[in-house]
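Data first, discussion second: the structure below is written as structure tokens.
Within every chain, numbering begins at 1; the chains are lettered A, B, ... in the order of the sequence lines, protein sequences first and strands thereafter. Because only heavy atoms are used, hydrogens play no part in the values below, and waters and symmetry mates are left out as well, while side chains stay in. Remember, predicted model here, so these are calculated numbers, not experimental data.
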Amino acid sequence: MISCRDFMDEIGNYLEGDLAEEVRRKLEAHLAHCKSCTVICDSALKTIRVVTESNSFELDDAEFLPLADKIMERIRLPRD
Amino acid sequence: MKLREQWGFVPNLLQREPLPEQLASAVSLIDAVLFKESTVPRMSKELILMTLAVATGNTYWVGIHLQVLLLMGMPEDTVLAAARDFRTAPLGDNDKALLKFAVEAATLGRYSGSADERFTDAVALVGLSIYLNAVTKPADPVPDFGPWTHPSVPAPDLCDPSIAIEPLEPLIERAFTERPVLRDTLWRAADVALLRGQFPKTDFPATTGSSQTICDPDPDGALVASARKGDTKAFEELVHKHGRRVYRTLAGILGDQEEARDVMQDTFLKAFRRLNSFEGRSRFSTWLITIGTNAAIEKLRERRPTDSLDEGLTDGEGAFRPRLLQAWGDSPEQRYGKLQMKELVQREVRRLPVAYRAAVVLRDIEELSTREAAEVLGLEVPTLKSRLLRGRLLLREALSPHFASTSKGALA
């Protein structure tokens, strides 16, 4: 049986889905009876989802196109 | 040259001057797996490679190994019979067992029967064969011998229910341990996923689509080639294609829109000026993001020169213990409107220590693979993973007050 400490050691790979079958099973067995680790794991997965889906730092066309033009203007200038 | 020494000739594929990195790796791998003495006799190894080439339809390498076997003195009838169908060819039982194992492993990702230490060698040979398949097609070499037509080899029959099917994983691990160069080369040049249960039935392996692999050419290849010759229209297309992404990464790392705009311009200018030194080892977009990320981190150092990138990092085991153990509701993203969510995430990402912030921005916002993100930041993969985890857990803590089921959901 693995401890919470062991679980936290592997949580990174668990969140990435990057685990050998055997290890994953052991971790899930731990989650089945450990409320704290389940909460951490669940909220961590949701955190990643929220961040990925938040469309943060996006530029719309009105903001982006003038920037693109400015870049090309500088590129087409003779080298300074 | 090793190849000439061992084979008596150098295959056309490997005669390029200078040898591109992937092909140089092929030579190292051939040396470590095929030429180096091990439990399996050299001739048997060539036989295995020929059979694997037949099974995976790689006629180029069939020709090579067939020729080598003839040069090594195997009777022509035997060689040709083995190429047609090893199961009925006049070969020893040992060889047949190894061949059966290798072909099953390569085409089905499993094996039947018991494995001994010779099978570790066979796994290494399967790995070599997959790698050679991967590097051969794009290079499209002229066949050295032949023409040689590919006979159809029926897939091995594993339908006998009395035969237990074994997974390859433990043997692969052992092969990697005994032949580190196998792991290094395959890791570097093709997805390890190839070997981890995704053995192809065709000669060219599927990729997981993440980081650049040999069989997965850069979608920007043509545009980059034109831009290199001075075609500014082509470069403009690249700006439009990748500009928003670059901005997003920079804004995430810098935490400031104005600065992000400035650095974005500098990034593209640098990229344009350095186009000739871009070697195509990674995708153009990865290279571009690397330039941008470096520029952003440099900018942060300029801002606060006394702080290092490692500011705020916690060291060692146990230094970071998650607190705030309230469960979140099922759909946190529905708690707030889109704009509020966006601002919340932006604010909290900005608050992360830079090293963690960069990892999270690249992996969770830009959705680069772990390997690409590590490459961009110039880190070893385990270091990147550790920073990514810390970043994610810190974000979790910062967001918890907003999304925990019992909270009222007020933005602080």
- Task: Measure across A:Ser43 and B:Arg396 and return the closest heavy-atom pair with its distance rounded to 0.1 Å.
- Result: OG-NH1, 2.8 Å
- Excluding sequence neighbours, so at least two apart, what forms ring pair (Phe, Tyr, Trp, His ring centres under 6.0 Å) with A:Tyr14? none
- Which portion of B:Ser386 sits near chain A, non-hydrogen atoms under 4.5 angstrom: neither
- Task: With chain B as the partner chain, list the residues of residues 52-62 of chain A whose heavy atoms fall under 4.5 Å from it, by residue number, and write 'none' if nothing qualifies.
- Result: A:Thr52, A:Glu53, A:Ser54, A:Asn55, A:Ser56, A:Phe57, A:Glu58, A:Leu59, A:Asp61
- B:Met264/A:Lys70 under side-chain contact (heavy atoms from CB on, under 4.5 Å): CA gap, chis, key distance, verdict: CA-CA 11 Å; B:Met264 176 171 107; A:Lys70 205 161 165 201; over 6 Å; no
- Task: Specify which of A:Arg74, A:Glu21, A:Lys35 makes the most heavy-atom pairs with chain B at under 4.5 Å.
- Result: A:Arg74
- Message: Under the salt bridge (charged side-chain N to carboxylate O under 4.0 Å, His left out) test against A:Glu16, which residue among B:Arg371, B:Lys385, B:Arg363 passes?
- Response: B:Arg363
- Query: Which atom names give the shortest non-hydrogen contact between A:Gly12 and B:Leu389, and what distance separates them?
  - Reply: CA-CD1, 3.7 Å
- Task: Check each atom of B:Leu395 against the heavy atoms of chain A and say whether the ones under 4.5 Å are side chain, backbone, both or neither.
- Result: both
- Measure B:Val349 against the heavy atoms of chain A and call it side chain, backbone, both or neither at under 4.5 Å. side chain
- Message: I'd like to check the ring pair (Phe, Tyr, Trp, His ring centres under 6.0 Å) partners of B:Tyr247; sequence neighbours left out, ordered by chain and number.
- Response: none
- Query: Are side-chain heavy atoms of B:Leu393 and A:Ile40 found at a separation under 4.5 Å?
  - Reply: yes
- Query: Quick one: side chain to side chain donor-acceptor pair (under 3.5 Å) partners of A:Asp6, sequence neighbours excluded?
  - Reply: A:Ser3
- Could you look at B:Leu250 and say if it's the side chain, the backbone, both or neither that has a heavy atom under 4.5 Å from chain A? neither
- Query: What part of B:Glu367 lies closer than 4.5 angstrom to a heavy atom of chain A: side chain, backbone, both or neither?
  - Reply: side chain
- Message: With rounding to the nearest 0.5 angstrom, report the CD1 to CZ distance, A:Ile75 to B:Phe235.
- Response: 4.0 Å
- Item | Contact leader toward chain B among A:Ile11, A:Asn13, A:Ile71, A:Asp18, where contacts are heavy-atom pairs under 4.5 Å | A:Ile71
- Taking all heavy atoms of A:Thr47 and all of B:Arg392, pick out the closest pair and write down the distance. CG2-O, 4.0 Å
- For A:Met72 and B:Thr232, work out which heavy atoms get closest and say how close. CE-O, 3.3 Å
